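Keep in mind it's a predicted model, so treat the numbers as computed, not measured.
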Amino acid sequence: MARVVVTRRLPEGGVDPLLAAGHDVAENEGDVAFSQPELCAAAADADAMVCLLTDRVDAEVLAAGAGRLRVVANVAVGHDNIDVAAATERGVAVCNTPGVLDETTADLAFLLILAASRLAGDAERDVRAGRWPGWGILQYLGRDVHGATLGLVGFGRIGQAVARRASGFGMNVVHHTRRDTGLPGYVATLDELLAASDVVSLHVPLTPATHHLLDADRLARLRPTAVLVNTARGPVVDEEALAEALESGRLFAAGLDVYEREPEVHPRLLAAPRTVLLPHIGSASQATRTRMARVACEGVVAVLRGDQPPNLVSAGSSTSRGDGS
Ligand code: GLV
């Protein structure tokens, strides 16, 4: 029987795979993230850790787990909060939750595409605040989604799920990834895609190569009528530059679910016009969050059994797999 620490409360039934395998499960009953010292202490006392994207599993946490910790499973598909290289070096396997959140996250991305294009955020805020003076032919004039070109940056499972929705809405869909997908709609360079799109939606993992992928220069390549949607990771966009583009009208609108310094939201974005802001809820449906918890726990069970689970990011040795983005 192994000791598995779960760093934050999971949806009901989420830890069932651990219990079914007979492990000793130590759950943080609170829905508040551990501090770094608490995370270190938890790692020091466990064979496995199930963590969330709010946990920074860095070299120090992994050092605290040295000698005992065998696997860290993130209840998220993105794993930029885990120092995978340090884990690999220490022989600690890393798992994530690919595949189970694609459709739910694509739904949310599409919600933002629609809401930002049609200025639903500003309009809703006005209704609630009693600022709506009654119907007017010049009010809240958004951009049509039907007939628009959607540029997807990243074309993994989530990007492709957004593409399927976009086709149903009569959009023309193009995509860019570093490697040629060979699929219809592939655009070889990011700059070309940005210049050709009415709506740009980001679906890349956060890595050193994608940090501020949309910086001031890239944002300037977008059409002034364009809409930017980010459901990937906040630091993929330079928020200061984005706020500037929205304020000056060089960008029509933005729909954001993720931020550079969560839960802090850049004050200029909070005040920016034509902006829809959501609190990182891409995968937040009851069914999907439960599935994510189970998949992460199943990864732990498999690694502790000596098997290689399908959701392995790194085996803690030279074998490693990507996240499909
Ligand atoms: C959520 O942001 C995830 O990476 O699963």
Side-chain angles (χ1 to χ4, degrees), residues 53 76-85 96 98 102 105-106 108-109 112-113 116 149-163 166 173-181 183 185-224 226-248 250-262 264-266 268-269 272 275-278 280 282 313 322-325:
L53 56 83
V77 67
H79 45 74
D80 46 279
N81 58 309
I82 299 175
D83 187 337
V84 177
N96 66 342
D102 308 335
T105 306
L108 199 280
L112 285 174
I113 290 171
T149 294
L150 171 64
L152 297 167
V153 181
F155 204 54
R157 286 177 293 256
I158 298 172
Q160 291 179 36
V162 174
V173 185
V174 292
H175 65 273
H176 168 75
T177 58
R178 278 185 300 177
R179 260 165 294 151
D180 188 348
T181 58
L183 296 167
Y186 178 70
V187 177
T189 69
L190 177 57
D191 288 351
E192 223 182 308
L193 176 124
L194 296 176
S197 301
D198 298 304
V199 180
V200 169
S201 188
L202 305 177
H203 301 286
V204 289
L206 175 61
T207 66
T210 62
H211 183 267
H212 282 193
L213 184 67
L214 265 75
D215 57 9
D217 281 354
R218 290 254 168 66
L219 288 167
R221 291 178 193 279
L222 288 164
R223 300 172 174 179
V227 173
L228 178 69
V229 167
N230 188 8
T231 54
R233 283 292 183 269
V236 175
V237 179
D238 179 341
E239 285 183 349
E240 182 87 17
L242 175 60
E244 181 89 39
L246 288 160
E247 287 164 4
S248 64
R250 278 187 290 102
L251 182 67
F252 182 69
L256 307 175
D257 186 43
V258 288
Y259 306 92
E260 282 200 74
R261 282 169 288 277
E262 295 177 13
E264 200 185 301
V265 179
H266 196 300
R268 284 176 72 186
L269 281 180
T275 305
V276 179
L277 303 175
L278 297 179
H280 203 150
V313 172
D323 66 6
S325 295

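Contact of the L53 side chain with the R233 side chain is registered, since non-hydrogen atoms from C-beta on lie closer than 4.5 Å. In this structure the side chain of L256 never reaches within 4.5 angstrom of the side chain of V265, judged on heavy atoms. Here the side chains of L269 and L246 are in contact, with some heavy-atom distance below 4.5 Å. The closest side-chain heavy-atom distance from V153 to L190 is below 4.5 Å.
Screening residues 235-245 for salt bridge (Lys or Arg N to Asp or Glu O under 4.0 Å), with sequence neighbours left out, gives E240-R268, E244-R268.
Scanning both residues, T149 and A196, for their nearest heavy atoms gives CG2-O, 3.6 Å. Scanning all heavy atoms of the two residues, the minimum distance from A163 to L152 falls at CB-CD1, 3.7 Å. The two residues L193 and S197 have their closest heavy-atom pair at O-OG, 2.7 Å. Of all heavy-atom pairs between L213 and R218, the closest is O-NH1, 3.0 Å. Nearest heavy atoms, R178 versus H176: N-NE2, 4.3 Å. In terms of heavy atoms, A116 sits closest to G255 at CB-N, 3.9 Å.
For the pair D257 (side chain) and H280 (backbone), a donor-acceptor distance under 3.5 Å is present. Checked by atom type and distance alone, the side chain of T210 never pairs as donor or acceptor with a backbone atom of V236 at under 3.5 Å. At least one donor-acceptor pair closer than 3.5 Å links the side chain of T189 to the backbone N or O of E192.
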*For I113 and V162, what are the C-alpha separation, side-chain angles and deciding distance, and is it a side chain to side chain contact (heavy atoms under 4.5 Å, CB included)?*
CA-CA 10 Å; I113 290 171; V162 174; 4.1 Å; yes
_Candidate pair D198 and F252, rule side chain to side chain contact (heavy atoms under 4.5 Å, CB included), full reasoning_ = CA-CA 10 Å; D198 298 304; F252 182 69; over 6 Å; no
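Here the options are V227, T231, L228, the test is side chain to side chain contact (heavy atoms under 4.5 Å, CB included), and the partner is L112; only T231 passes. Between L242 and the choices L251, L214, N230, T275, the side chain to side chain contact (heavy atoms under 4.5 Å, CB included) rule is met once, by L251.
Listed by chain and residue number, R157, I158 satisfy the side-chain contact (heavy atoms from CB on, under 4.5 Å) test with D102 (two or more places apart in sequence, or in another chain). Evaluation of the ring pair (Phe, Tyr, Trp, His ring centres under 6.0 Å) rule for H175 yields F155, Y186 as partners, not counting sequence neighbours.
For the residue pair E260/H212, the side-chain donor-acceptor check at 3.5 Å is satisfied.
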